[in-house]
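Ligands are counted one by one from 1 in listed order, and the atoms in each one are counted from 1 as well. Just so you know, these numbers come straight off a predicted model, no measurement behind them.
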Amino acid sequence: MPVCNALTVDLEDWYHGYCAIPSPAVAPDQRRVRPNTEAILALLADCRVKATFFVLGSVAAEDPTLVPMIAAAGHEIASHGYSHTLVTQLGPQRFRDELKKTADILADQCGEAPAGFRAPQWSLGPSTAWAMDILKEQGYCYDSSWNPLPVVGDPRGPRGPFRVETTRGGLLEIPPMVSRSIIGNLPTGGGWGFRFWPRSMIRRTIEGLNGQGLPAVLYLHPRELDPFGPRLPLSRFQSFVSYGPRTDASVRLRELLKRYQFTTLKELAAAWQPA
Ligand SMILES: [Zn+2]
């Protein structure tokens, strides 16, 4: 049987990158998350793929019709926290408060509490073990934040799902896809790397992981389907990391969604048997 992969969407707006603009400062007519999400849903329907949406609680609160629309199409609703503040900046109590607040909003809007979590900008990993304890305490089944990349994560980390021991028992970690290279792991699962590196390299990575029985976890932001949408005033480096090549990510994504098998992270987590 072919290995199932996962497409994940970090559901936030164009101004959430680098937390540069607090969301109340953006007028409703400046928001772009809804049309971009509709474009993602149309793509998923066309490719008959169910995806996992890590929803930012503040975005769900601002537009209470978004989550029901995504859930009605059969996709998984998971949590991306509330304010897009880095986990390292929140600390344990505010992290717990954000988790609860977001879970309440999402459960209210789609009838089910989130089973999975992804931290803003991969800000959860081996150095924030306390956050895994709190996820377990709050009833989460999995996390998808430990990016095996230099700078933003731990490049020595596993490329496939693994169990993290917390004080309350094990929690499954499902890392995003990276490609091995002679200069280290490269971001090919999403963001600028997904739009930048050759398609053949992305396909090879997916097939390499699947050949080892591991899922490839891709990630996408709604703003990546909106290459000429508004941009934050960022430094050159941040700007490249955020926007990289100005292309519509859905073009190459469509190819992959049609070529390989995809399911939600919740389903992958439920079926996961460690090797
Ligand atoms: Zn995010």
Side-chain angles (χ1 to χ4, degrees), residues 6-26 30-34 36-37 39-40 51-63 66-67 70 75-90 94-95 97-99 101-103 105-106 114 116-125 128 131 135 140 142-149 151-153 173-178 187 189-195 217-227 229-232 234 237-244 249-250 253 265:
L7 172 67
T8 62
V9 179
D10 292 358
L11 197 86
E12 59 193 52
D13 216 324
W14 62 271
Y15 46 83
H16 288 112
Y18 285 95
C19 315
I21 304 178
S23 66
V26 176
Q30 302 293 305
R31 294 179 192 149
R32 306 278 280 224
V33 71
R34 189 182 183 87
N36 293 333
T37 302
I40 293 173
T52 295
F53 285 72
F54 289 104
V55 180
L56 201 60
S58 57
V59 166
E62 281 162 9
D63 181 350
L66 262 180
V67 163
I70 299 163
H75 304 294
E76 178 191 355
I77 303 295
S79 172
H80 195 35
Y82 188 83
S83 64
H84 214 258
T85 307
L86 304 184
V87 171
T88 40
Q89 288 173 3
L90 285 174
R94 285 175 64 208
F95 177 63
D97 292 347
E98 284 218 359
L99 275 184
K101 190 173 177 182
T102 301
I105 293 169
L106 300 182
F117 177 77
R118 173 168 293 150
Q121 290 171 228
W122 317 111
S123 58
L124 194 165
T128 48
L135 284 173
Y140 283 79
Y142 71 88
D143 173 76
S144 181
S145 311
W146 294 37
N147 198 329
L149 276 182
V151 187
V152 297
E173 174 59 41
I174 314 178
M177 181 177 98
V178 297
W192 69 268
F194 180 78
R195 304 191 303 275
V217 176
L218 307 181
Y219 55 95
L220 177 74
H221 300 88
R223 58 180 173 266
E224 293 181 74
L225 277 72
D226 191 13
R231 290 285 179 260
L232 291 166
L234 300 173
F237 173 74
Q238 289 174 334
S239 190
F240 179 74
V241 169
S242 291
Y243 308 126
S250 67
L253 191 56
L265 284 186

Original post:
How long is the span from the CG atom in L99 to the OH atom in Y140, to the nearest 0.5 Å?
Top reply: 4.5 Å
Original post:
Mind checking whether the Zn ion (ligand 1) has an N, O or S of D10 under 2.8 Å?
Top reply: no
Original post:
Rounded to the nearest 0.5 Å, what separation is found between the OG1 atom of T52 and the CG atom of L218?
Top reply: 11.5 Å
Original post:
What angle, to the nearest 10°, do the atoms NE2 (H80) and NE2 (H84) form about the Zn ion (ligand 1)?
Top reply: 100°
Original post:
Looking at E12, which of its N, O or S atoms is the nearest one to the Zn ion (ligand 1)?
Top reply: OE1
Original post:
Does any N or O in the side chain of T102 come within less than 3.5 Å of the main-chain N or O of E98, such that one atom is a donor and the other an acceptor?
Top reply: yes
Original post:
Which one of V178, L7, I174 satisfies the side chain to side chain contact (heavy atoms under 4.5 Å, CB included) criterion with V217?
Top reply: I174
